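The block underneath contains the structure these notes are about, expressed in structure tokens.
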Amino acid sequence: MDLSKLNPPQREAVTTLEGPLLVLAGAGSGKTRVITHRIVHLLNERPFGASARNILAVTFTNKAATEMKERLVKMAGPRAQGVLVCTFHAFGAEMLREDVHRLGWPKKFAIADMGDQLSLIRRAMRDHKVDDRAFDARKVLTLISKAKNSGQPPSPKPEGIGDDYDLITHLVYPSYQLALKAQGSVDFDDLLVLPARLLREHEDLKAKYTRRFRYLLVDEFQDTNLAQMDLLRLLTGESMNVCAVGDDDQAIYSWRGAEVKNILQFDTYFPGTKEVRLEQNYRSMQVVLDAANAVIAKNPERKPKRMWTDRAGGARIRVVKCPNDEEEARYVAREIEKHIAHGIPADDIAVLYRTNGQARPVEEALREKGIGYEVVGGSEFFDRSEVKDVIAYFKVIANPKDEVSLLRIVNVPARGIGDVTMERLHTHARGQGVSLWEAMERSEGYEDLPTGAGAKVREFLRMIERYRGLFEGGNLAHVTRNLLEEIGFKEAARAKAVSVSSGDKKVKSVEQVLTSLENFEKREGPKASLLTYLNRLSLDTRQEEDEDELPGGNRRVTLMTVHSSKGLEYRLVFFIGMEEDLMPHKGMQGEPQNLEEERRLCYVGITRAKEHLYLTRAAIRVKRGKDVPCTPSRFLEDLPPETVELIDLEAPRTGAPTVEEKNFFANLKERFKAKGPGGGPAPGTPGGPRGS
DNA sequence: TATCAACCCTTTTTT
DNA sequence: AGGGTTGATA
């Protein structure tokens, strides 16, 4: 490996192998390069005989993990296969897979998704006589998650209770945790908390893991939370060979409990930390970097740093005002078409937005033009009710104690087992202290149950048990097909639909589940089971790529939230919806820290661009089916005028610009004039707005 | 117990 | 706009 291609601080980060190391890596400073080179360097140097399996690299997403692993293998060959690259959560799941029984969970535990969590919380609320409609279960979930991540055990703590939600949380948290355990499940937070407990309470495990993982690397360290830090410290052990890479300016997950503190106080957790700063940006042109720096500079309390680049100049940033969100999308599609014609490959183009809902119009506009695209994240597929139903069948078959899923499917398709019946069974289950499933098994003796209802319940039970046996033999997709056929699932789904086309869509999504299951079996081979499939599903939200042939080869434009774009880069970036209440998002403006995080989010979005950047906004946007006038994002006003080219798409047929908008543009134009215009778009780039 | 119409609220971001 | 829930009716 050629270390001379690295700049001095990069080289230092790569070659400092022993002891704690904190790499403060600004946007585009070659962070990933440092991590991969460092791992390859470890493989080459073999300090104290260390080999690939002594290295653990933790990334933020599964996507990042896969990509890093691929890169490593490319750089270092097959010996890099032994390096473990994964997310904290995936790592935790792996640890639990082996040893969670020591904490009283079954070896075959399931991972509860957010829907499961909310159902359990709602039921716990009802058990505590809390109206689950008057109080938002999601808020309770957030509070429980915060409690877990800050190390609070599930015991009610009378002091420190503030408002109603605090009280409810203290009531509900223990019941929730008990219910979770009773159905043999763990939630996302448990994937971090329970492994830490294993290491803390079991010396042999601590020895096993610290001996195995002697070199730890953590990417995106600014977005780790307390539980992750805790786990990291336990894994690090005495050696403290830990390398954390991050950028406090890109901390955008505080809402999930991430603590920038982890980066700012790294040295107190790991005494003797060596700090390396990477301040040269290799990614973006000067213009883009100037804009990004101007936006982030307004945040107080950052680690001082100055990003610079030697890539002078660049195309001005297009700040585009569009009449409405639909026009915005069509403008984006038109420009993408032009840039592709000018030689920028589609897979070097990204459209970024604050909320997943903004993807819709863009998708439509791109489809209209026949431009291939891929939507990252946005679990739309797994949110469809028929998909959830099929998954719920899997969950019940894999784990009969999963009450949430059982209740979901017991009457889907309708088989005459209604709410009344299930309610009665539930009462019996409670009374006898058994699971709902067991109550169903014993239902023959229940007097309040009509014989017809009881018979149907037991018939359902036998059917599920029969399929449990069939699934044991592998052939998951095939068995699933039989199951769905037997219960008439597709027909029922189609019948439930409001229209023919939506019925077709439902059937198609069911078929997609089958395809995904088939692919999973192909990848995993004989060790594929329903449980491993379900666990992979909850840990890795990536959708399968469909293999459709596209006009422009298989290169696609990427559509995603700014959050998902962290760590990625594109030659051409569209950051859409640059409006107040969207970017920064509504409700994020009260607390100053929230606004600061929105600003960092904006910074992250801007710094994804290597060459061309568009910041678009709509004067009118459809929100919940209503036209809402929108004012420009305050962040636009922070852009240095000399980096900006203002474009105002023709006024719409309806809706004149608001006074604020007029003022804003007048203002920016004045500043623009004062600084002196720098001419039109840079050579070789497509022109401004033109009608279609 | 199933079905249909009226009403409701949603929306931040993700492992 | 869209899906989910509630309440009246078969």
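All chains are named by letter (A, B, ...) in the order of the sequence lines, taking the proteins before the strands, and each is independently numbered beginning at 1. For clarity, every value in this text was computed on a predicted model and none was experimentally measured.
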Worksheet item: For the rings on A:Y253 and A:F60, is their centre-to-centre separation under 6.0 Å?
Response: yes
In whole angstrom, give the distance that lies between atom [atom1] of [X] and atom [atom2] of [N].
X      : N      : atom1 : atom2 : result
A:D223 : B:dT13 : CG    : C1'   : 11 Å
A:K566 : B:dT15 : NZ    : P     : 10 Å
A:R138 : B:dT10 : CZ    : P     : 7 Å
A:R360 : C:dG2  : CZ    : P     : 8 Å
A:R256 : B:dT13 : CZ    : P     : 13 Å
A:M560 : B:dT15 : CE    : P     : 13 Å
A:N356 : B:dT11 : CG    : P     : 12 Å
A:E220 : B:dT15 : CD    : P     : 12 Å

Discussion item. Which is more 5' along DNA chain B, the nucleotide nearest A:R415 or the one nearest A:I252? Just name the residue.
Written reply: A:R415
Item to complete: Hey, which sits more toward the 5' end of DNA chain B by its nearest nucleotide, A:I417 or A:E597?
Response: A:I417
Worksheet item: Quick one: does A:S443's side chain have a donor or acceptor within less than 3.5 Å of a partner on A:A439's backbone?
Response: no
Discussion item. Do A:F635 and A:P584 make a side-chain contact, defined as non-hydrogen atoms from C-beta onward lying under 4.5 Å apart?
Written reply: yes
Contact class for [X] vs. all strands (heavy atom < 4.0 Å): base, sugar-phosphate, or nothing?
X      : answer
A:R600 : nothing
A:D189 : nothing
A:S538 : nothing

Response to the item:
Picking from B:dT15, B:dA2, B:dT14, the nucleotide nearest the side-chain atoms of A:N411 would be B:dA2
Fill in: Candidates B:dT15, C:dG4, B:dA2 - which lies nearest the side chain of A:H89
B:dT15
Worksheet item: With stacking defined as ring centroids separated by under 5.5 Å and planes differing by under 30°, is A:Y253 stacked against B:dT13?
Response: no
So, is [X] near the phosphate of [N], with a side-chain N or O under 4.0 Å from OP1 or OP2?
X      : N      : answer
A:T421 : B:dT1  : yes
A:N62  : B:dT14 : no
A:S564 : B:dT13 : no

Worksheet item: Crowded around A:E459 CD? As in, over 12 foreign heavy atoms under 6.0 Å?
Response: no
Item to complete: Establish, from distance only, whether the side-chain atoms of A:E386 and A:S509 form a donor-acceptor pair under 3.5 Å.
Response: yes
